[in-house]
Amino acid sequence: MSEAASTRTPVALLPSLSPLLREWLPRQRWFAGKGRPVTGFSLVAAAELLPVDSTGPGLLHLLLRVQQAGQATGKATGAGGRTAGGKRDAPHGGDCYQLLLGVRTTPPPYLASALIGRVTDGPLAGRTVYEGLHDPRLAALLLERLRTPGRFGPLRFDRAVPVLGGLPARVLDAEQSNSSLVYGDSYILKIFRRVYPGINPDLELPLALAGAGCDRVPAPVAWFESDAPEPCTLGVLQPYLRGSQDGWQLALKALAAGRDFTAEAQALGRATAEVHTALAAALPTVSLSRPQTEDLATAMNERLDAAVRAVPALLPYVRGLRTAFDAIAGATFDGDGRAQRIHGDLHLGQTLRTPDGGWSVIDFEGEPARPLDERREVQPPVRDIAGILRSFDYAARSHRPWNPAWAARCRAAYCDGYAEASGSDPRTEPELLRAYETDKAVYEVVYEARHRPDWLPVPMSAIRRLAGPAG
Ligand SMILES: Nc1ncnc2c1ncn2[C@@H]1O[C@H](COP(=O)(O)OP(=O)(O)O)[C@@H](O)[C@H]1O
Ligand SMILES: O=P(O)(O)O[C@H]1O[C@H](CO)[C@@H](O[C@H]2O[C@H](CO)[C@@H](O)[C@H](O)[C@H]2O)[C@H](O)[C@H]1O
């Protein structure tokens, strides 16, 4: 396939789309810049995946930089964004988002919940734009594109194996940082919303794991990228694990039924260890020597500083929290003292138990709020372990009555499973584990304050515990 995608219409459209998008974007779950008014847009790349004509739907693919109040101008984040120093993903400036806009003259009633609005002027005056993923015809078109490797304007489609066609699509109704379409019961296509230059680890790591023969992670089937102005991953198609349930839901069900969850936790520990072992074999590792642990502690302290600015409720605990970070500065670790590529945002919601009882791990994107370069760095595997340990605490805290003993048993069983499969028990380096649990709890405070303020008391209770008396 080598088709020229018209970019003429989208560019001309931007002024008339802007008022609609300005109102619609901040309401999307995946929009990261909530709370700051949108002040403008600029187009990074555009393609008409299906030409807009009078007979049927059109599909506009846009990479859009979103300017918001409170951002420094001239510095951009997201696709194509570099600071003056050449480092990617500057902390200020407009984030870049991927939009797939459907365009119709008269959208059918089943698209009512997907409508963005009616365009009043410009080339599309009188037509309605909507979230294109909700339109079965447009979702089918996307699958067809993924079946056929090749270029389409600024987009490039690629695949690892042949892809089935003609599968009905549904939008996944999940609380997500991105958007996903399920095709039949065969595939799930994740569309990254906030996009960055470079390969997304959610493609890079599952590809590496598949290459290393690790079957704990669904192997990418096909993907698409943009190369204008720089290569960036836009979407990944992978096998849909039919009938699976995520670890978070399973844990909550076990808690509600007063059921023990240690066997599951232990198996999950083993699965995590298998993924880490395969990643260490497939990709570079470094040993954690003094300078590295200095750097880790500095980065944690800096993240804490930024978190306190965002959520001043952390202020009374800063002194206590810093003791956890300072304890690893300059330390050397006897046991598993290495850094490697890891999951980076592991929690129970990123684990799926399949009907055969096995655990799979998904969503290797890392923490969505962190710059991509940082997310692709090697890190101690204990960071992932700390993520799951925090998750057991979250589950126990979000259930009434609070059941700390349940969480403690799960945490111990998870570490047992990890030690069995890897030969390395994370509890033998308690300072490192505490530092990463603390770092994760600080991240969660910011995440919850921004996205789910009702949940803020959950990580705040961990902050009080981890800060200890010095807090
Ligand atoms: N391979 C898969 N099979 C079945 N369900 C999946 C698969 N991958 C993801 N999911 C479901 O989709 C949800 C969102 O996927 P995820 O990769 O975590 O997206 P996001 O980064 O947007 O949070 C998961 O919580 C899970 O329920
Ligand atoms: O799955 P995402 O990549 O979108 O991760 C983000 O959202 C998570 C919540 O959906 C958030 O996880 C936190 O809440 C979970 C319960 O809902 C809990 O199990 C996790 O331990 C806790 O961190 C995650 O931090 C955030 O990056």
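Please read these numbers as outputs of a predicted model, since none were measured by experiment. For ligands, and for the atoms within them, numbers begin at 1 and follow the listed sequence.
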A.B. asks: Below 4.0 angstrom from a heavy atom of Ser391, which ligand 2 atoms are there? Numbered from 1 as shown, please.
C.D. replies: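 This gives 18 (C), 19 (O), 20 (C), 21 (O) as the contact atoms.
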A.B. asks: Donor-acceptor check, side chain of Arg400 to backbone of Arg397, threshold 3.5 angstrom: yes or no?
C.D. replies: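 The answer is yes, because a donor-acceptor pair under 3.5 Å joins these two groups.
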A.B. asks: Quick one: look at Arg242 and ligand 1, take heavy-atom pairs under 4.0 Å, and tell me if it's side chain, backbone, both or neither.
C.D. replies: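 No part of Arg242 is near ligand 1 at this cut-off.
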A.B. asks: Identify, by atom number and element, the atoms of ligand 1 in contact range of Leu352, meaning under 4.0 Å from any of its heavy atoms.
C.D. replies: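 Atoms satisfying the 4.0 Å criterion: 2 (C), 3 (N), 4 (C), 5 (N), 6 (C), 7 (C).
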A.B. asks: Using ring centroids (six-membered ring only for Trp), state whether Phe31 and Tyr97 fall under 6.0 Å.
C.D. replies: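 Yes, the ring centres sit under 6.0 Å apart.
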A.B. asks: Measure the shortest side-chain to side-chain distance between His276 and Ser422 over non-hydrogen atoms and say whether it is less than 4.5 angstrom.
C.D. replies: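 His276 vs Ser422: side chains apart.
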A.B. asks: Tell me which protein heavy atom sits closest to atom 19 (O) of ligand 1, plus the residue, atom name and distance to 0.1 Å.
C.D. replies: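 Answer for atom 19 (O) of ligand 1: Gln176 NE2, 3.2 Å.
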A.B. asks: Suppose I only count heavy atoms of Ser177 and a 4.0 Å limit; which atoms of ligand 1 are within that range?
C.D. replies: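 Reading through ligand 1 atom by atom, the close ones are 20 (P), 22 (O), 23 (O).
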A.B. asks: Suppose we measure from atom 17 (O) of ligand 1 to each protein heavy atom; which comes out shortest, and what is that distance?
C.D. replies: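 The protein heavy atom lying closest is Lys190 NZ, 2.9 Å.
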A.B. asks: How far is atom 4 (O) of ligand 2 from its nearest protein heavy atom, and which residue and atom name does that atom have?
C.D. replies: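 Checking every protein heavy atom, the shortest distance to atom 4 (O) of ligand 2 gives Ser177 OG, 2.5 Å.
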A.B. asks: Is there side-chain contact between Ser177 and Asp363, with heavy atoms separated by less than 4.5 Å?
C.D. replies: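 Counting from C-beta outward, Ser177 and Asp363 never come under 4.5 Å.
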A.B. asks: Looking only at protein heavy atoms, identify the closest one to atom 22 (C) of ligand 2 and say how far it is in Å.
C.D. replies: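 Looking only at protein heavy atoms, the one closest to atom 22 (C) of ligand 2 is Glu444 OE2, 3.4 Å.
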A.B. asks: Short list, please: which atoms of ligand 1 are under 4.0 Å from a heavy atom of Glu365?
C.D. replies: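 Counting from 1, the qualifying ligand atoms are 21 (O).
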A.B. asks: Give the atom numbers and elements of ligand 1 that come within less than 4.0 Å of a heavy atom of Pro218.
C.D. replies: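 In order of numbering, the contacting atoms are 1 (N).
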A.B. asks: Scan for ring pair (Phe, Tyr, Trp, His ring centres under 6.0 Å) pairs involving residues 375-400, sequence neighbours excluded, and state none if there are none.
C.D. replies: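 Qualifying pairs, neighbours excluded: none.
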A.B. asks: Looking at Tyr240, which atoms of ligand 1 are within less than 4.0 Å of one of its heavy atoms?
C.D. replies: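 Heavy-atom distances to Tyr240 below 4.0 Å select 3 (N), 4 (C), 5 (N).
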A.B. asks: Tell me which part of Ile362 gets within contact of ligand 1: side chain, backbone, both or neither, using heavy atoms under 4.0 Å.
C.D. replies: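 Side chain only.
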A.B. asks: Looking only at distances, can you tell me whether any N or O atom of Asp345, backbone or side chain, sits closer than 3.5 Å to an N or O atom of ligand 2?
C.D. replies: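 Yes.
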A.B. asks: Heavy atoms only, cut-off 4.0 Å: how does Ser179 contact ligand 1, side chain, backbone, both, or neither?
C.D. replies: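 The answer is neither.
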A.B. asks: Are there more than 12 heavy atoms of other residues, nucleotides or ligands under 6.0 Å from atom CG of Asp173?
C.D. replies: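 No - once you tally the heavy atoms of other residues, nucleotides and ligands closer than 6.0 Å, there are 12 at most.
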A.B. asks: Note the single closest protein heavy atom to atom 10 (N) of ligand 1, along with its residue, its atom name and the distance in Å.
C.D. replies: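 Result: Ile188 CD1, 3.6 Å.
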A.B. asks: So which heavy atom in the protein is nearest atom 18 (O) of ligand 1, and how far is it from that ligand atom?
C.D. replies: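 Minimum-distance protein heavy atom for atom 18 (O) of ligand 1 reads Asp363 OD2, 3.0 Å.
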A.B. asks: Say whether Asn178 and Glu365, considering side chains only, have a donor N or O and an acceptor N or O under 3.5 Å apart.
C.D. replies: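 Glu365 and Asn178 do have a side-chain donor-acceptor pair below 3.5 Å.
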A.B. asks: Hey, is Glu444 close enough to Arg390 for a salt bridge, meaning N to O under 4.0 Å?
C.D. replies: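 Yes, this pair counts.
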A.B. asks: Taking the cut-offs as 6.0 angstrom to the six-membered ring centre and 45 degrees off its axis, would you call Arg159 and Trp223 a cation-pi pair?
C.D. replies: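 No, Arg159 does not lie over the aromatic ring of Trp223.
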A.B. asks: Below 3.5 angstrom, do we get any N/O pair linking Ser244 and ligand 1?
C.D. replies: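 No, since none of the N or O atoms of Ser244 sits under 3.5 Å from an N or O of ligand 1.
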A.B. asks: Does the ring center of Phe157 lie less than 6.0 Å from the ring center of Phe224?
C.D. replies: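 Ring centroids of Phe157 and Phe224 are less than 6.0 Å from each other.
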A.B. asks: Considering only heavy atoms of Gln238, which atoms of ligand 1 have at least one such atom less than 4.0 Å away?
C.D. replies: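 It comes down to these atoms of ligand 1: 1 (N), 2 (C), 7 (C), 8 (N).
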A.B. asks: Would you say the side chains of Gln28 and Glu131 form a donor-acceptor pair under 3.5 Å?
C.D. replies: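 Not at all, the side chains of Gln28 and Glu131 share no donor-acceptor pair under 3.5 Å.
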A.B. asks: Do other residues, nucleotides or ligands put more than 12 heavy atoms under 6.0 Å from Arg147 CZ?
C.D. replies: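 Above 12, so yes.
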A.B. asks: Where is the nearest protein heavy atom to atom 25 (O) of ligand 1: which residue, which atom, and how far?
C.D. replies: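 Among all protein heavy atoms, the one nearest atom 25 (O) of ligand 1 is Gly349 O, 3.9 Å.
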A.B. asks: Under 3.5 Å between some N or O of ligand 1 and some N or O of Ser180?
C.D. replies: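 N/O-N/O distance under 3.5 Å: no.
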A.B. asks: Regarding Gln266 and Asp416, do their side chains bring together a donor and an acceptor under 3.5 Å, going by distance alone?
C.D. replies: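 Gln266 vs Asp416: no donor-acceptor pair found between side chains.
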A.B. asks: Is ligand 1 under 4.0 Å from a heavy atom in the side chain of Leu172, in the backbone, in both, or in neither?
C.D. replies: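 Answer for Leu172: side chain.
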A.B. asks: Using a 4.0 Å cut-off to any heavy atom of Pro239, which atoms of ligand 1 qualify?
C.D. replies: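 Those atoms are 1 (N), 2 (C).
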A.B. asks: Charged N to carboxylate O below 4.0 Å: is that the case for Arg303 and Glu374?
C.D. replies: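 Counted as a salt bridge, because a side-chain N and a carboxylate O are separated by less than 4.0 Å.
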A.B. asks: Can you tell which part of Arg452 has a heavy atom less than 4.0 Å from ligand 2: side chain, backbone, both or neither?
C.D. replies: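 Under 4.0 Å from ligand 2, Arg452 contributes side-chain atoms alone.
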A.B. asks: Give the contacting part of Asp202 toward ligand 1: side chain, backbone, both or neither, where contact means a heavy-atom distance below 4.0 Å.
C.D. replies: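 The answer is neither.
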A.B. asks: Quick one: look up the protein heavy atom nearest atom 8 (C) of ligand 2 and list residue, atom name and how far away it is.
C.D. replies: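 Among all protein heavy atoms, the one nearest atom 8 (C) of ligand 2 is His347 NE2, 3.7 Å.
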A.B. asks: Spell out, as yes or no, whether a donor-acceptor pair under 3.5 Å connects the side chain of Arg341 to the backbone of Arg376.
C.D. replies: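 Pair found, side chain donor or acceptor close to backbone of Arg376.
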A.B. asks: Distance to 0.1 Å, residue and atom name: give those for the protein heavy atom nearest to atom 7 (O) of ligand 2.
C.D. replies: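 For atom 7 (O) of ligand 2, the nearest protein heavy atom comes out as Tyr447 OH, 2.9 Å.
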A.B. asks: Within ligand 1, which atoms have a heavy atom of Gln350 less than 4.0 Å away?
C.D. replies: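 Every atom of ligand 1 under 4.0 Å from some heavy atom of Gln350: 18 (O).
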A.B. asks: If the condition is ring pair (Phe, Tyr, Trp, His ring centres under 6.0 Å), which residues does Phe364 pass it with, not counting sequence neighbours?
C.D. replies: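 Residues passing ring pair (Phe, Tyr, Trp, His ring centres under 6.0 Å) with Phe364: His343.
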A.B. asks: Side chain, backbone, both or neither: which part of Leu241 has a heavy atom under 4.0 Å from ligand 1?
C.D. replies: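 Answer for Leu241: both.
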A.B. asks: Kindly determine whether Asp246 and Arg353 satisfy salt bridge (Lys or Arg N to Asp or Glu O under 4.0 Å), including the steps that lead there.
C.D. replies: CA-CA 6 Å; Asp246 77 57; Arg353 205 176 58 167; over 6 Å; no
A.B. asks: Can you figure out which of Asn178, Val182, Asp173, Thr354 has its heavy atom closest to atom 22 (O) of ligand 1?
C.D. replies: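 Of the listed residues, Asn178 has the closest heavy atom.
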A.B. asks: Name the orientation class of the two ring planes belonging to Trp359 and Phe261 (parallel below 30°, tilted from 30 to 60°, perpendicular beyond 60°).
C.D. replies: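 Trp359 vs Phe261 ring planes: perpendicular.
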A.B. asks: To the nearest 0.1 Å, how far is atom 25 (O) of ligand 2 from its closest protein heavy atom, and which atom is that?
C.D. replies: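 Closest protein heavy atom to atom 25 (O) of ligand 2: Tyr443 CE2, 3.3 Å.
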A.B. asks: Pick one of side chain, backbone, both or neither for how Gln350 approaches ligand 2, counting any non-hydrogen atom pair under 4.0 Å.
C.D. replies: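 Under 4.0 Å from ligand 2, Gln350 contributes side-chain atoms alone.
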